[in-house]
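Read through the structure below, which is laid out as structure tokens, and then see the notes.
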Amino acid sequence: MALDGKVAVVTGAAMGIGKAMTEILLQNGAKVALLDFNETAGKSLLEALKKQYGQEKTLFLTCDIESEEQTKAALQTTRETFGGIDIMCNNAGILNESTWEKTVSINLMGVIRGTYLALEHMSKLNGGQGGVIINTASMAGLGPLPSCPVYTASKHGVVGFTRAIAAASSALGYGIRINVLCPGFVQTDLFSNIPARLGKFSLLADATKKMAEKMETLSVSEVAECLLELVVDEMKNGEAFMVLPKSKKYMTFPVLL
Ligand SMILES: NC(=O)C1=CN([C@@H]2O[C@H](COP(=O)(O)OP(=O)(O)OC[C@H]3O[C@@H](n4cnc5c(N)ncnc54)[C@H](O)[C@@H]3O)[C@@H](O)[C@H]2O)C=CC1
Ligand SMILES: CC/C=C\C[C@H](O)C(=O)/C=C/C=C/C=C\C=C\[C@@H](O)C/C=C\CCC(=O)O
């Protein structure tokens, strides 16, 4: 997929990985709607991006992806402003074992919500042009992190949901590729705040810190490069792309049938 003139939506776009995703999509010619519930950070980033990429390439919409109403409205505004939606990046997420219901609500239910609402705009069965959806999971979506079992569960859910809806899209002819990104540790606020977010598992903070030191951390730009690979490669559907500092791997899974 060539990105010139394409329209992308990025959730959790105001900071961290979502901000880097937004920037690489703009650098490659796309228009981007930035969705985030942090209005201050979002509006500040929007001003900077407008200066760098022009007034017509970006849009910031305050949106909590836990809200069906806000997310639905944000996608509708994006379509009315830019003419359609070609790329949906369901990236927003949190890590907080103390508020585990919210972790599931944002990380898993928010991704499902963003995927389903994007399908309404993008699916060829609904008169859409097709496109690509990229969900952000994590290495914790591929294997267990003892220090954050609910975060692990939410990310395993994102991987499983993405692989299943990608197969459904192919079987039903939506014309939409759907893939999942599984980064290791990435230098962001979420990563920095982990020790304070482990709740009853805080005693495992040191073990997690040692794991991160051993595995080393990714920059947000490295993750954004892998997002771009999944967006532009028309052959990629239903892929779980594991990204580590010194390696990246398309995961294989047991064939059940
Ligand atoms: N930092 C890391 O080590 C890794 C992070 N991830 C995942 O990458 C994604 C982005 O994480 P980071 O950039 O590290 O986090 P971050 O905390 O730096 O940025 C997350 C952004 O999402 C926004 N957000 C959070 N909840 C939201 C909601 N309900 N509605 C709208 N926006 C919301 C925040 O305001 C923030 O701008 C998350 O899904 C996270 O689980 C995956 C692997 C590694
Ligand atoms: C404590 C959470 C830290 C940061 C949040 C971030 O989203 C994240 O989850 C980072 C995870 C890094 C995990 C690193 C190692 C995980 C190891 C095991 O769980 C196995 C994981 C994957 C196995 C993949 C495979 O080759 O089979």
Side-chain angles (χ1 to χ4, degrees), residues 10-22 35-42 44-45 64-66 89-112 114 134-162 180-227 240-249 251 253:
V10 180
T11 72
M15 297 164 65
I17 294 168
K19 177 181 174 189
M21 288 178 170
T22 298
L35 276 48
D36 204 298
F37 66 2
N38 185 331
E39 188 168 2
T40 304
S44 171
L45 176 59
D64 181 341
I65 60 159
E66 287 194 273
C89 300
N90 292 298
N91 166 75
I94 66 168
L95 188 157
N96 192 329
E97 294 297 312
S98 300
T99 58
W100 65 267
E101 295 97 332
K102 184 164 277 289
T103 297
V104 174
S105 176
I106 292 170
N107 293 7
L108 178 55
M109 295 171 67
V111 167
I112 295 168
I134 309 296
N135 295 329
T136 305
S138 158
M139 277 278 286
L142 300 170
L145 281 175
S147 59
C148 47
V150 172
Y151 181 83
T152 296
S154 72
K155 294 301 186 177
H156 272 66
V158 171
V159 171
F161 167 74
T162 304
V180 60
L181 202 50
C182 300
F185 299 102
V186 188
Q187 280 295 355
T188 68
D189 283 6
L190 180 146
F191 176 72
S192 304
N193 293 328
I194 286 168
R197 299 282 193 279
L198 297 181
K200 62 169 75 73
F201 306 101
S202 298
L203 290 177
L204 295 176
D206 276 351
T208 303
K209 183 171 182 286
K210 287 185 171 63
M211 184 197 287
E213 287 166 355
K214 182 174 178 222
M215 297 186 71
E216 300 176 15
T217 54
L218 291 151
S219 69
V220 291
S221 302
E222 289 174 286
V223 179
E225 290 287 345
C226 292
L227 168 91
F241 195 12
M242 185 173 78
V243 182
L244 289 171
K246 297 183 172 67
S247 70
K248 51 185 184 179
K249 175 170 93 170
M251 300 301 291
F253 297 87

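Because the structure is a prediction, the values reported are computed rather than measured. All residue numbers refer to positions in the sequence shown, counting from 1. The figures that follow rest on heavy atoms only: side chains count, while hydrogens, waters and symmetry mates do not.
Here H156 contributes atom NE2 and S138 contributes atom OG; the two are 9.5 Å apart, rounded to the nearest 0.5 Å. In this structure, CG in L45 is found 5.5 Å from NZ in K19, a value given to the nearest 0.5 Å. Between atom OG1 of residue T152 and atom CD of residue E97 there is a gap of 7.0 Å, rounded to the nearest 0.5 Å. Atoms CG and CG, from N193 and N96 in turn, are 9.5 Å apart once rounded to the nearest 0.5 Å. The OG atom of S147 lies 13.5 Å from the NZ atom of K209; values are rounded to the nearest 0.5 Å. In this structure, the separation between CE on M211 and CE on M139 is 8.0 Å, given to the nearest 0.5 Å.
M215 and P245 make their closest contact through O-CG, 3.4 Å (heavy atoms, listed as atom of the first residue, atom of the second, distance). For the pair C182 and A240, the tightest heavy-atom approach, listed with the atom from each and the gap, is SG-CB, 4.4 Å. The two residues L244 and L218 have their closest heavy-atom pair at C-CD2, 3.5 Å. The shortest non-hydrogen separation linking T217 to E222 is O-OE1, 4.5 Å. Here the shortest heavy-atom pairing between G157 and L108 reads C-CD1, 3.5 Å. A14 and N38 make their closest contact through CB-O, 4.3 Å (heavy atoms, listed as atom of the first residue, atom of the second, distance).
You'll find the side chain of V159 stays beyond 4.5 Å of the side chain of K155, heavy atoms only. Between K102 and I94 the shortest side-chain heavy-atom distance falls below 4.5 Å. Looking at I194 and L95, their side chains come closer than 4.5 Å, going by heavy atoms from C-beta outward. Here the side chains of V180 and F161 are not in contact, with every heavy-atom distance at 4.5 Å or above. Between M21 and L181, some side-chain heavy-atom pair lies under the 4.5 Å cut-off. In this structure, M109 and E66 have side chains that are not in contact, with every pair of non-hydrogen atoms separated by 4.5 Å or more. The shortest distance between side-chain heavy atoms of L198 and Y151 does not fall below 4.5 Å.
Among I106, T136, N135, the single residue meeting the side-chain contact (heavy atoms from CB on, under 4.5 Å) criterion with V111 is N135.
In this structure, the side chain of T11 engages the main chain of A92 through a donor-acceptor pair within 3.5 Å.
The salt bridge (Lys or Arg N to Asp or Glu O under 4.0 Å) search around K246 returns E216, not counting sequence neighbours.
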- request: Carefully, step by step, assess T208 and L145 under the rule side-chain contact (heavy atoms from CB on, under 4.5 Å).
  value: CA-CA 8 Å; T208 303; L145 281 175; 5.7 Å; no
